[in-house]
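What follows is one structure encoded as structure tokens, with my remarks underneath.
Remember, it's a predicted structure, so these values are computed and weren't measured experimentally.
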Amino acid sequence: MNGKFKLIIAFFVAIVSLITYFGSSSKNEITGETQRIGISKEQEVALGLEARPEMERQFGGRAADGQAQARIDRIGETLVAASAAKDSGYPFEFHVLADDQTINAFALPGGQVFITTGLLKRLKTDGEVAGVLGHEIGHVVARHSAERIAKQQLTQGLTGAAVLATYDPGNRSSEASAQIAMLVGNLVNMKYGRDDELESDRLGVRFMAEAGYDPRALIQVMKVLAEAGGGSQPEFFSTHPNPENRVGRIEEAIREQFPNGVPSGLMR
């Protein structure tokens, strides 16, 4: 392909990617943020429901423990009904997964929230469970998955343009340039993931407090994750910040929520 023609096509791909990303924005009424999102809430719900069976399969299916499921339903539904999450418009559903070795919890776009038996059995109080679920509800309400989809599409478009413009099958040195462009794109998306985790911690504190749970229980959750080996990778290359490094942010969010101190009587 002619070098000049490649540059023209690469430029066109980059411009279309930028216009598509920056031309799609909406305000999140709960977080107050203006977000770059290219899919609707209805599409998020559909994506979550479509992905749910595969996620369940990867973690051993749903747990057979009816009491554990009832507990998760009770706590999750309390968090949603008594907090700003109820105004999000998402049909939240909570699921206990059978995997008792993996320490994990996650949310799919649209309101599907999961916790593994491996994590649940390490949580001693309803407040700690509420901390985990509140954090995951935060991901959904903040539309983090939809934001990442839009960012990944932008990144793919820009890195694709860079690869197209620089890669020459007859020049091995150009291959390194193409790989660097793709690595940079991946690291950008990973940083957004870390920011999402910290925002979900803040939202989790907010939702817990609104629902009558003591948000300090979320600090204990961080200790549980740390003891389980969470954050063993270098933080810069991880989409999840080290649990130890999140405690300070959670304490800050608690002070903002309760400037006069956490009142007594909250569920822990």
Side-chain angles (χ1 to χ4, degrees), residues 24-56 58-59 62 69 71-97 104-116 119-120 123 128-152 189 192-211 213 215 217-218 221 225 239-241 246 249-250 253 257:
S24 302
S25 64
S26 61
K27 183 176 181 179
N28 191 310
E29 297 299 330
I30 295 179
T31 66
E33 296 178 347
T34 297
Q35 300 174 290
R36 308 292 181 186
I37 290 176
I39 62 176
S40 68
K41 287 187 176 182
E42 290 75 17
Q43 288 173 310
E44 287 181 80
V45 172
L47 284 172
L49 290 173
E50 183 177 352
R52 184 178 69 187
E54 175 60 21
M55 291 298 99
E56 292 174 345
Q58 289 185 22
F59 292 90
R62 297 190 190 185
Q69 182 60 55
R71 183 188 183 200
I72 293 301
D73 286 337
R74 172 175 54 81
I75 297 171
E77 290 166 5
T78 297
L79 284 166
V80 173
S83 73
K86 67 179 182 299
D87 301 319
S88 66
Y90 292 112
F92 284 93
E93 293 184 332
F94 301 92
H95 312 282
V96 181
L97 299 172
N104 200 9
F106 57 92
L108 295 175
Q112 301 295 314
V113 178
F114 302 83
I115 183 170
T116 63
L119 175 55
L120 183 58
L123 303 176
E128 292 174 14
V129 175
V132 172
L133 298 184
H135 172 93
E136 300 305 332
I137 291 169
H139 278 304
V140 175
V141 168
R143 305 189 72 184
H144 288 155
S145 293
E147 280 189 311
R148 295 203 72 186
I149 289 170
K151 289 168 184 173
Q152 286 171 352
N189 281 329
Y192 287 133
R194 288 204 306 273
D195 292 343
D196 290 349
E197 292 295 324
L198 296 173
E199 182 177 32
S200 288
D201 283 342
R202 293 194 299 271
L203 288 170
V205 166
R206 174 185 171 184
F207 297 155
M208 290 176 72
E210 290 173 344
Y213 289 100
L218 187 54
V221 172
L225 294 175
T239 58
H240 293 70
R246 292 162 66 178
R249 299 291 189 95
I250 294 171
Q257 189 74 32

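Residue A142 comes nearest to L203 through the heavy atom pair CB-CD1, 3.8 Å, listed as atom of the first residue, atom of the second, then distance. G131 and L218 get closest at one heavy-atom pair: O-CD1, 3.6 Å. Nearest heavy atoms, I137 versus A85: CG2-CB, 3.7 Å. Between I30 and A84, the shortest heavy-atom contact is CD1-O, 3.3 Å. Residue G111 comes nearest to V140 through the heavy atom pair N-CG1, 3.6 Å, listed as atom of the first residue, atom of the second, then distance.
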Stepwise side-chain contact (heavy atoms from CB on, under 4.5 Å) test for V205 and I250: CA-CA 7 Å; V205 166; I250 294 171; 4.0 Å; yes

Pair E93-R52, side-chain contact (heavy atoms from CB on, under 4.5 Å): steps then yes or no: CA-CA 11 Å; E93 293 184 332; R52 184 178 69 187; 2.8 Å; yes

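The side-chain heavy atoms of E199 and H139, taken from C-beta on, include no pair separated by under 4.5 Å. Put simply, the side chain of V141 does not reach to within 4.5 Å of the side chain of R206, judged on heavy atoms. H144 has its side chain within reach of S200: a pair of non-hydrogen atoms, C-beta onward, lies under 4.5 Å apart. Between D196 and E147, the closest side-chain pair of non-hydrogen atoms falls below 4.5 Å. Looking at Y213 and V129, their side chains never come closer than 4.5 Å, going by heavy atoms from C-beta outward. No side-chain heavy atom of H135 sits under 4.5 Å from any side-chain heavy atom of V221. R202 is listed as a side-chain neighbour of L198, based on a closest heavy-atom distance under 4.5 Å. Proximity of Q257 to M208: side-chain heavy atoms (C-beta onward) are nowhere separated by under 4.5 Å.
Pairs engaging residues 74-92 under the side chain to side chain donor-acceptor pair (under 3.5 Å) rule: E44-Y90, R74-D126, Y90-R143 [sequence neighbours left out].
The line from CG of L123 to CD1 of I115 is 5.5 Å long, rounded to the nearest 0.5 Å. Atom NZ of K27 and atom CD of Q35 lie 11.5 Å apart (nearest 0.5 Å). The CD atom of E54 sits 10.0 Å away from atom CD of E56, with the distance rounded to the nearest 0.5 Å. Once rounded to the nearest 0.5 Å, the distance linking CD of Q69 with CZ of R62 reads 7.0 Å. Between the CG atom in N104 and the CZ atom in F114 there is a gap of 11.0 Å [rounded to 0.5 Å]. E210 contributes atom CD, which lies 10.0 Å from atom CG of L79 (distance to the nearest 0.5 angstrom).
Partners of F59 by ring-ring contact (aromatic ring centres under 6.0 Å, His included), not counting sequence neighbours, listed by chain and number: F106.
The neighbour count for Q58 CD, taken as heavy atoms of other residues, nucleotides or ligands under 6.0 Å away, is above 12.
Under a 3.5 Å cut-off, the side chain of Q43 and the backbone N or O of A146 do not form any donor-acceptor pair.
Looking at D201 and R249, no side-chain N of the basic residue comes within less than 4.0 Å of a carboxylate O on the acidic one, giving no salt bridge.
Note: F92 and F94 have parallel aromatic rings, judged against thresholds of 30 and 60 degrees for the angle between ring planes.
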